[in-house]
Number of protein chains: 2
Amino acid sequence: MNTAARPFEDQIDVSTQYIRDSIRDAIVDRRLAPGTKLSETDVSALFKVSRTLVRGALQALSYEGLVNVEKNRGAFVAYPSPEEARQIFATRRMIEPGILREAAKNMGPSYFERLRQLLTEEGRLMGERGQTARRAEIKASGDFHLMLASMTGNAVMERFMDELVARSSLVIALYGQSAISSCGHQEHQDIVALIECGDLDRACHLMIHHIDHIEKDLDMRENKGSDLKEAFKL
Amino acid sequence: MNTAARPFEDQIDVSTQYIRDSIRDAIVDRRLAPGTKLSETDVSALFKVSRTLVRGALQALSYEGLVNVEKNRGAFVAYPSPEEARQIFATRRMIEPGILREAAKNMGPSYFERLRQLLTEEGRLMGERGQTARRAEIKASGDFHLMLASMTGNAVMERFMDELVARSSLVIALYGQSAISSCGHQEHQDIVALIECGDLDRACHLMIHHIDHIEKDLDMRENKGSDLKEAFKL
DNA sequence: GGTTATAGGATCGTATACAATTTGACCAGG
DNA sequence: CCTGGTCAAATTGTATACGATCCTATAACC
């Protein structure tokens, strides 16, 4: 699942794709802080490839909204503004009910089994402590929504959700409070239960409420103390 | 509005962006047929730039789904399969009701004025004949949906719709019948009227029906005679 | 001392060069 | 005539070279 962080990197086909995935994982996992400069030279040295491939990867990431490239200045890990964050969650509220209804059409026993498996894993992670566990929890939380998207069997929509979830993870990592809302997991379970009951209207309603809940739990004041200069650049 | 096809090309800043827009316009306008090979050398000669910039433009277009890049084989104007076309329209049905509801929240008199202006132009085009007029009509039809998306004030969603409309245009150009459904324009008008009445439920319902209508008017049989080999490649 | 001018280094943007892969033609063999 | 294989041309993939822009430190001037 994790495309980066494999051993024996030298033996692996190091391509633009690989670099892109590695950087994306690092951003979503918050190993790369928002605003960090991604120097072409540095990255190319790190992966032992030419700048050509790195530029391709950075450009691709900018299309996904995870990296901002500024002409003649370089690429930076995205530092989504509160407004941008709001738009991301607003977009999710607009499309996820549709995804839920579409996925429900294809729901068979095996799909419910996969969902339950994911929820079990998610619950297990919530019991743990530490930063690593928290990262895994954020990731698992996103995976639930991604799995629903994949169950639509619609690749176009799935790609949109990939992007939205990745950007959401970045936003949560940025503006998330230390006190994690533990109700997210419960809401996931409730949504699955409602789908299983066939009560899609209430499931959709809860989904919107759930996304709203995630957003409301963020502390989206401008400039969280540190990178003041970022706010005034450009 | 049309970013390409400007006079005095030599004096304009010919960048990756410009090449990308030019090719996209050509694809959406169907001046470039689906399946056409976009040789890096040829395109670079055409725009009098190096292959580097062309590669960037082609890669960008592949993210938008308008171009397929096959490793070591080159870039081709997308030839969306019927399945892919179905997914595009399915995605639109999933998200456009959400857009409509969100846009309605911001609707003031000036927005309705802009919509009506667009509809007038659309109606004017329907009276005309010829291939040019038909292209303009397809474009205008997409512009209606794009305008609604822009009225959400949500840049993230707007970008998704940009992509979906562009790909839809390609699909319509590919699988569209000679007999154009003239009810699309009427449905646009009805949707606006329903929004103005405040009857969003019916407006959403009609929107879904409208998208469905566009899709149903296509003749999506595999292999429209010509490119048989495309169907079996990769 | 503070401000502006300027020079140097660092970084990005574009073009070009070279390596790797594909493609299509030609030819030998069945 | 068809099949299969080999080689050359064409095209893409990647690396490198060079020019342009930006940032910073230093110094001159007010």
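Lettering follows sequence order; numbering is per chain, from 1.
One atom, CG of B/Leu53, and another, P of C/dA15, lie 5 Å apart when rounded to the nearest Å. If you take CZ of B/Arg51 and C1' of D/dT11, they are 7 Å apart, rounded to a whole angstrom. With rounding to whole Å, B/Ile19 atom CD1 is found 13 Å from C/dA15 atom C1'. Atom CG of A/Asn72 is separated from atom C1' of D/dG19 by 12 Å (rounded to the nearest Å). To the nearest angstrom, C1' of C/dT11 lies 13 Å from CG of A/Leu58. For the pair A/Leu38 CG and C/dC12 C1', the interatomic distance rounds to 14 Å; values are reported in whole Å. Regarding B/Phe76, its CZ atom lies at a distance of 11 Å from the C1' atom of C/dT23, rounded to whole Å. We find that NZ of B/Lys71 is positioned 19 Å from P of D/dT11, with the value rounded to whole Å.
Side-chain contact between B/Leu53 and B/Ser44 is absent, with no heavy atoms from C-beta onward closer than 4.5 Å. A 4.5 Å side-chain heavy-atom check between B/Gln87 and B/Pro82 finds every atom pair outside the cut-off. Looking at heavy atoms from C-beta onward, A/Val28 lies out of side-chain contact with A/Leu170 at the 4.5 angstrom threshold. B/Ile211 has its side chain within reach of B/Phe89: a pair of non-hydrogen atoms, C-beta onward, lies under 4.5 Å apart.
A distance-only check finds a donor-acceptor pair linking the side chain of B/Asn106 to the backbone of B/Met151 [under 3.5 Å]. Checked by atom type and distance alone, the side chain of A/Arg51 never pairs as donor or acceptor with a backbone atom of A/Thr41 at under 3.5 Å.
Under 3.5 Å, the side chain of B/Arg73 and the base of D/dG13 form no donor-acceptor pair of N or O atoms.
Distance from the side chain of A/Val49 is smallest for D/dA15 among the nucleotides D/dA17, D/dA15, D/dT14. Side-chain atoms of A/Glu40 lie closest to C/dC12 of the nucleotides C/dC12, C/dA15, D/dT14.
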| request: Evaluate the side-chain hydrogen bond (donor to acceptor under 3.5 Å, both in side chains) criterion for residues A/Asn154 and B/Thr91: first the C-alpha distance (whole Å), next the side-chain angles of each, then the deciding distance (0.1 Å), finally the verdict. | output: CA-CA 8 Å; A/Asn154 187 323; B/Thr91 302; 3.1 Å; yes
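The side chain of B/Arg55 places an N or O atom within less than 4.0 Å of a non-bridging phosphate oxygen (OP1 or OP2) of D/dG13.
Closest-nucleotide positions on DNA chain D for B/Thr52 and B/Thr41 were compared, and the one nearer the 5' end corresponds to B/Thr41.
Taking five base pairs at each end of the helix from C/dG1-D/dC30 to C/dG30-D/dC1 and finding the rotation axis that steps the C1' atoms of four pairs onto the next four gives two axes whose angle is 10°, to the nearest 10°.
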